[in-house]
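Reckoned from all heavy atoms, side chains included, excluding hydrogens, waters and symmetry mates.
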Amino acid sequence: MRGSLMNRRGVQRFRQALISTVGSVKIKLVLGFCIGFTLIALAGRASEFMGWTTSRSASLERFSDSRKGYAIVMNTWKRYDLLKQSISHYSRCPRLDSIHIVWSEPNPPSDALKKIMYHIIELNTRDGRQVKLKFDINKEDSLNNRFKEIPDLATDAVFSIDDDVIFPCSSVEFAFDVWQSASDSMVGFVPRMHWVDPTNGRMDHYIYGGWWSVWWTGTYSMVLSKAAFFHKKYLKLYTNEMPASIKDFITKNRNCEDIAMSFLVANVTGAPPIWVKGKILEIGSTGISSMGGHTEKRTHCVDRFAAEFGRMPLVPTSVKAVDSRNIWFW
């Protein structure tokens with residue numbers, strides 16, 4: 001009887017040990033399966049982050065193709081050495097599709113100048129790219145010409161630039177990336193500000209704030225078209241819908257076409273522009289901004305354009321786009 005009881009207890013202990021062992025094995029198997037699945041998922045996700053998957057690469061290529069790069073629209077006036085230098089520099093930029101030179105001089109560009117320009121393009125695009133170069137000839141000498149609609153423009157993005165300023169291609173490409181994330185906005189390197197005139201006692205008179213105003217306050221409401229990206233649709237809007245009185249004023253005074261474009265874009269979007277940090281090299285020695293009374297003339301433009309638009313469309317902001325790959329602390 002006692003021996004039978006001992007045998008039963010031994011069998012029960014063996015069963016409990018067996019059940020415990022099997023349960024432990026099941027748990028280990030489940031844990032092992034979960035860990036293995038997690039590692040596989042993370043490996044797949046990591047490869048996607050690193051751009052190793054075919055679908056990811058294909059989607060990026062489709063996104064890149066849909067934009068077709070950008071076109072440079074360059075304003076110039078009888079500064080052929082500066083023009084050559086600028087064309088030589090920007091033709092090296094990787095995603096540049098075409099260059100349109102806004103020509104408003106009395107005489108058309110000479111065959112010799114064209115030949116040199118085409119040769120410069122050919123020398124700088126030997127990597128299989130085909131950058132197109134075109135002189136957009138205008139009969140009238142007007143600063144409005146820089147915003148004339150370009151019917152055969154292949155790209156959505158326009159980089160408006162003067163012939164006497166140079167930005168590194170890396171900065172231009174970064175600004176293009178920023179513009180792609182907000183393609184209705186103006187994205188540029190040269191910020192400016194407007195203020196309500198505190199001495200007037202009214203809220204509908206304004207003061208134009210130059211670079212030092214932006215530097216002091218960290219606030220801006222415009223980026224100048226001497227170095228800015230915008231959508232090509234704004235060329236059509238400027239050409240066809242900008243009030244004739246504003247365009248006539250710009251032609252007569254040879255100033256403020258950049259402010260007018262800032263007004264137009266802000267009026268459409270209801271949003272501020274985007275200032276991109278970039279190093280600027282000014283290769284020209286003189287310009288409109290170097291003349292006396294420049295700030296006062298620009299203040300008059302801001303006041304006049306606000307009256308023409310029936311309101312102040314410019315929106316102040318303090319946001320700046322910075323390429324964090326090129327700075328130590330951010």
Side-chain angles (χ1 to χ4, degrees), residues 70-77 100-102 104 136 138 140 142-150 153 155-163 165 175-176 178-179 182-194 206 208-211 214 220-276 287-289 294 297-317:
Y70 55 89
I72 281 180
V73 176
M74 183 177 293
N75 198 51
T76 188
W77 178 263
H100 297 257
I101 300 174
V102 180
S104 302
D136 294 335
N138 298 281
E140 181 187 19
S142 172
L143 288 175
N144 293 305
N145 293 337
R146 71 183 307 164
F147 299 135
K148 271 191 174 180
E149 183 180 6
I150 304 175
L153 197 59
T155 65
D156 288 340
V158 171
F159 183 46
S160 174
I161 189 79
D162 284 352
D163 61 2
V165 289
F176 178 50
V178 175
W179 175 85
S183 58
D184 283 337
S185 300
M186 283 189 75
V187 175
F189 296 99
V190 186
R192 295 293 185 265
M193 184 57 189
H194 77 282
Y206 305 93
Y208 175 83
W211 162 245
V214 177
Y220 65 99
S221 58
M222 296 172 271
V223 289
L224 302 187
S225 56
K226 70 183 296 179
F229 277 96
F230 52 80
H231 197 285
K232 66 179 180 182
K233 66 184 177 182
Y234 293 119
L235 296 178
K236 183 176 182 179
L237 287 174
Y238 191 101
T239 301
N240 299 317
E241 298 189 26
M242 180 65 75
S245 57
I246 290 181
K247 290 197 285 188
D248 291 342
F249 176 86
I250 290 168
T251 299
K252 181 180 179 180
N253 292 274
R254 297 193 61 79
N255 206 331
C256 299
E257 83 289 352
D258 48 359
I259 296 177
M261 177 57 87
S262 289
F263 266 71
L264 185 147
V265 176
N267 193 56
V268 171
T269 63
I274 302 174
W275 172 21
V276 176
I288 294 175
S289 60
H294 179 68
K297 292 176 182 177
R298 306 278 278 182
T299 290
H300 180 55
C301 291
V302 172
D303 254 352
R304 185 184 180 99
F305 296 168
E308 292 280 359
F309 274 76
R311 67 188 188 96
M312 171 48 75
L314 299 177
V315 180
T317 184

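Heavy-atom contacts from other residues, nucleotides or ligands closer than 6.0 Å to NZ of K236 number 12 or fewer.
Residues N253 and K297 are not in side-chain contact: their nearest non-hydrogen atoms beyond the backbone lie 4.5 Å or more apart. The shortest side-chain heavy-atom distance between W77 and D163 does not fall under the 4.5 Å cut-off. Looking at heavy atoms from C-beta onward, I259 lies out of side-chain contact with H194 at the 4.5 angstrom threshold. Proximity of M222 to L314: side-chain heavy atoms (C-beta onward) are separated by under 4.5 Å at one or more points. In this structure, N75 and K226 have side chains that are not in contact, with every pair of non-hydrogen atoms separated by 4.5 Å or more. Contact check for V73 versus F230: no side-chain heavy atoms found under the 4.5 Å cut-off. A 4.5 Å side-chain heavy-atom check between R311 and N267 finds at least one atom pair inside the cut-off. Residues V302 and M312 have side chains in contact (heavy-atom distance under 4.5 Å, counting atoms from C-beta outward).
Within the model, atoms CG of L143 and NZ of K252 stand 15.0 Å from one another, a figure rounded to the nearest 0.5 Å. We find the OH-OG1 distance between Y206 and T299 to be 13.0 Å, quoted to the nearest 0.5 Å. How far OH of Y238 is from CG of N144: 3.5 Å, rounded to the nearest 0.5 Å. For the atom pair CD1 of I246 and CD of E308, the computed distance is 5.0 Å after rounding to the nearest 0.5 Å. Within the model, atoms OG of S160 and CE of M261 stand 7.5 Å from one another, a figure rounded to the nearest 0.5 Å. One distance of note links SG of C301 with CZ of F263; it measures 9.5 Å at 0.5 Å rounding.
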For this session: For side chain to side chain contact (heavy atoms under 4.5 Å, CB included), just list the numbers for K232 and I150, CA-CA rounded to whole Å, side-chain angles, deciding distance to a tenth of an Å, and then say yes or no.
Result: CA-CA 8 Å; K232 66 179 180 182; I150 304 175; over 6 Å; no

Exercise. Would H294 and N255 satisfy side chain to side chain contact (heavy atoms under 4.5 Å, CB included), going step by step from the backbone distance to the final call?
Worked result: CA-CA 9 Å; H294 179 68; N255 206 331; 3.8 Å; yes

For this session: Kindly indicate, with the supporting measurements, whether the criterion side chain to side chain contact (heavy atoms under 4.5 Å, CB included) is fulfilled by V276 and W179.
Result: CA-CA 10 Å; V276 176; W179 175 85; over 6 Å; no

Exercise. Hey, mind stepping through N145 and K148 against side chain to side chain contact (heavy atoms under 4.5 Å, CB included) and telling me if it holds?
Worked result: CA-CA 5 Å; N145 293 337; K148 271 191 174 180; 3.5 Å; yes

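In terms of the salt bridge (charged side-chain N to carboxylate O under 4.0 Å, His left out) criterion, residue partners of R298 (sequence neighbours excluded) are, by chain and number, D258. Every residue two or more places apart in sequence or in another chain that forms a ring pair (Phe, Tyr, Trp, His ring centres under 6.0 Å) with H300 is listed here: F249. For the salt bridge (charged side-chain N to carboxylate O under 4.0 Å, His left out) test, no residue two or more places apart in sequence or in another chain qualifies with R192.
The nearest pair of heavy atoms linking S262 to V223 is OG-O, 3.6 Å. Residues S142 and S104 come closest through the heavy atom pair O-OG, 4.2 Å. Of all heavy-atom pairs between T251 and E140, the closest is CG2-OE2, 3.7 Å. Nearest heavy atoms, P316 versus M193: CB-CE, 3.6 Å.
Residue R146 is tested with D162, N138, D136 for a side chain to side chain donor-acceptor pair (under 3.5 Å); the sole match is D162. For the ring-ring contact (aromatic ring centres under 6.0 Å, His included) test with F229, the passing option among Y70, F189, W275 is Y70; the others fail.
Ring-plane geometry between Y234 and H231 is classed as perpendicular, the angle between the planes exceeding 60 degrees on a 0 to 90 degree scale with a lower cut at 30.
Judged purely by atom type and a 3.5 angstrom limit, T239 uses its side chain to pair as donor or acceptor with the backbone of F147. When atom types are taken as modelled, the side chain of T155 and the backbone of A157 share a donor-acceptor pair closer than 3.5 angstrom. In this structure, S185 contributes its side chain and P273 its backbone to no donor-acceptor pair below 3.5 Å.
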